[in-house]
Every structure is written in structure tokens, then in C-alpha cells.
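So the structure is just underneath, and the comments pick up after that.
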Amino acid sequence: MAMIAHAKVKTLSTAWSGEVTSGQHQLMTDKPESFGGQDKGLAPYDFICSGLISCTMITLRMYAQHKGFDLGEFTVEADFNANKEGKEWIERRLSFEQELSAELKQKVLDICQKTPVTKTLLRSVEIQTTLL
């Protein structure tokens, strides 16, 4: 078994705030003001979305480099949703500056379902992906 990631959070004096470290990187975590925090950093579900979209972007760029084509500039966004019945899901959206062929659009959607973080999350949460 190999460790693929490590992070640590240290509480700060302000309620709900913490300093997250991972390797040489530092981030702040907090709750939004609407939940009693001061919104000084990412909330826990923001980290989940950030991990998913980062992995999506990196995987797509690696795939394009490996196959020898250019996807151009693009953005990936994600929203974590929950309803009163307790169902949770993520809506992921990709937007490309250049026009993609129908075949490439389908390949992008297929690859999105196979990114490492997507596979991890799919074991516990539904992920809906759309292209804009």
C-alpha cells in the first residue's frame, strides 16, 4: 500500500479556522460566514471540489499530451449539492475556449469519468459531468 497524499490541519485561535499543510503548501480552511465562520479559507466541501477539478484538468492535459493534440485553454468547475433526502452529488462543468469536435467531446466526457479522484468519489458519491 502506498500513500498518495498527505495533509494536516492545525487549529487557529479563531473558531472554525485552521491552517492546512500538504508538503510545502499551506492553505486556510474555515466555515462560510453563513455557517458561523469568517470565510477565511476553503470549507471542507470546497476542498473536495478543488481536488476533483484539479485532477480533471491534470488528467485531460496529460491525455492530450500523450495523444499529441491540443485542448487549448479550458476551465473546470464543480458544485457539491445535497438535498433534504440526504442525496449528495457533484455537478462538474468543463468549458473549452476552442471548439471541440463531437468525437473529442465524447472522449473528454469518457476521460472525466476515469480520473483518479473521480473514481475515488464515485465509490461514495454520484458525479454528473457536462460540457459547456
Side-chain angles (χ1 to χ4, degrees):
M1 179 169 73
M3 178 174 43
I4 59 172
H6 173 78
K8 176 173 76 173
V9 64
K10 181 178 184 211
T11 58
L12 298 176
S13 59
T14 306
W16 319 125
S17 294
E19 180 182 70
V20 177
T21 57
S22 181
Q24 63 183 353
H25 307 285
Q26 295 180 340
L27 301 160
M28 295 293 295
T29 187
D30 197 359
K31 291 174 73 173
E33 288 181 8
S34 59
F35 288 96
Q38 295 185 5
D39 203 20
K40 291 186 176 184
L42 296 175
Y45 284 102
D46 296 328
F47 280 105
I48 291 173
C49 288
S50 296
L52 175 65
I53 64 175
S54 297
C55 185
T56 301
M57 181 273 300
I58 290 168
T59 303
L60 286 171
R61 292 183 81 181
M62 287 173 57
Y63 178 82
Q65 181 183 27
H66 176 72
K67 294 295 186 178
F69 60 84
D70 182 17
L71 291 172
E73 297 293 318
F74 63 95
T75 60
V76 185
E77 298 178 70
D79 300 320
F80 197 104
N81 299 281
N83 64 18
K84 290 183 252 181
E85 291 77 37
K87 181 178 180 185
E88 298 175 328
W89 70 97
I90 294 173
E91 295 176 357
R92 175 172 48 189
R93 296 173 303 282
L94 291 88
S95 178
F96 292 84
E97 287 187 10
Q98 67 187 37
E99 185 66 29
L100 303 181
S101 68
E103 179 183 343
L104 189 51
K105 284 180 181 180
Q106 186 58 53
K107 192 65 178 166
V108 164
L109 288 172
D110 292 343
I111 294 165
C112 284
Q113 291 304 108
K114 296 175 183 172
T115 73
V117 172
T118 298
K119 287 180 175 183
T120 298
L121 292 173
L122 281 172
R123 288 190 280 270
S124 62
V125 65
E126 178 182 340
I127 300 174
Q128 301 170 356
T129 304
T130 58
L131 297 176
L132 301 178

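- Under a hydrophobic-cluster definition in which Ile, Leu, Val, Met, Phe, Trp and Tyr are linked whenever side-chain heavy atoms come within less than 4.5 Å, directly or via other members, Leu52 and Phe80 are assigned to the same cluster.
- No single ILVMFWY cluster, assembled from side-chain heavy atoms under 4.5 Å apart, contains both Met28 and Leu42.
- Atom CD of Gln65 has 12 or fewer heavy atoms from other residues, nucleotides or ligands within 6.0 Å.
- Within 6.0 Å of the CD atom in Gln98, the count of heavy atoms belonging to other residues, nucleotides or ligands exceeds 12.
- Side-chain atoms of Trp89 never come within 3.5 Å of backbone atoms of Gln128 as a donor-acceptor pair (strictly under, hydrogens ignored).
- Every residue two or more places apart in sequence or in another chain was checked for a salt bridge (charged side-chain N to carboxylate O under 4.0 Å, His left out) with Arg61, and none qualifies.
- Counting only heavy atoms from C-beta outward, the side chains of Cys112 and Thr118 never approach each other to under 4.5 Å.
- Just one residue in the list Asp79, Thr75, Thr129 forms a side chain to side chain donor-acceptor pair (under 3.5 Å) with Arg93, and that residue is Asp79.
- Under a 4.0 Å N-O distance rule, the pair Glu19/Lys10 does not qualify as a salt bridge.
- Taking a 4.5 Å side-chain heavy-atom cut-off between Ile, Leu, Val, Met, Phe, Trp and Tyr, the cluster of Leu94 extends to Ile53, Met57, Ile58, Leu60, Met62, Tyr63, Phe69, Leu71, Phe74, Val76, Phe96, Leu100, Leu104, Val108, Leu109, Ile111, Leu131.
- Glu88 CD to Ser124 OG: the interatomic distance, rounded to the nearest 0.5 Å, is 8.5 Å.
- Residue Thr115 comes nearest to Cys55 through the heavy atom pair CB-SG, 3.8 Å, listed as atom of the first residue, atom of the second, then distance.
- Listed by chain and number, the residues in a side-chain hydrogen bond (donor to acceptor under 3.5 Å, both in side chains) with Lys87 are Glu126 (sequence neighbours excluded).
- Lys40 NZ to Lys31 NZ: the interatomic distance, rounded to the nearest 0.5 Å, is 15.5 Å.
- By the 6.0 Å contact criterion, CG on Leu132 is enclosed, its count of non-hydrogen atoms from other residues, nucleotides or ligands being greater than 12.
- Using a distance-only test at 3.5 Å, with no hydrogens or angles considered, a donor-acceptor pair links the side chain of Ser22 to the main chain of His6.
- Between the side chains of Gln38 and Ser17, no donor N or O sits under 3.5 Å from an acceptor N or O.
- Panel note: side chain Asp30, backbone Asp39; a donor-acceptor pair is recorded below 3.5 Å.
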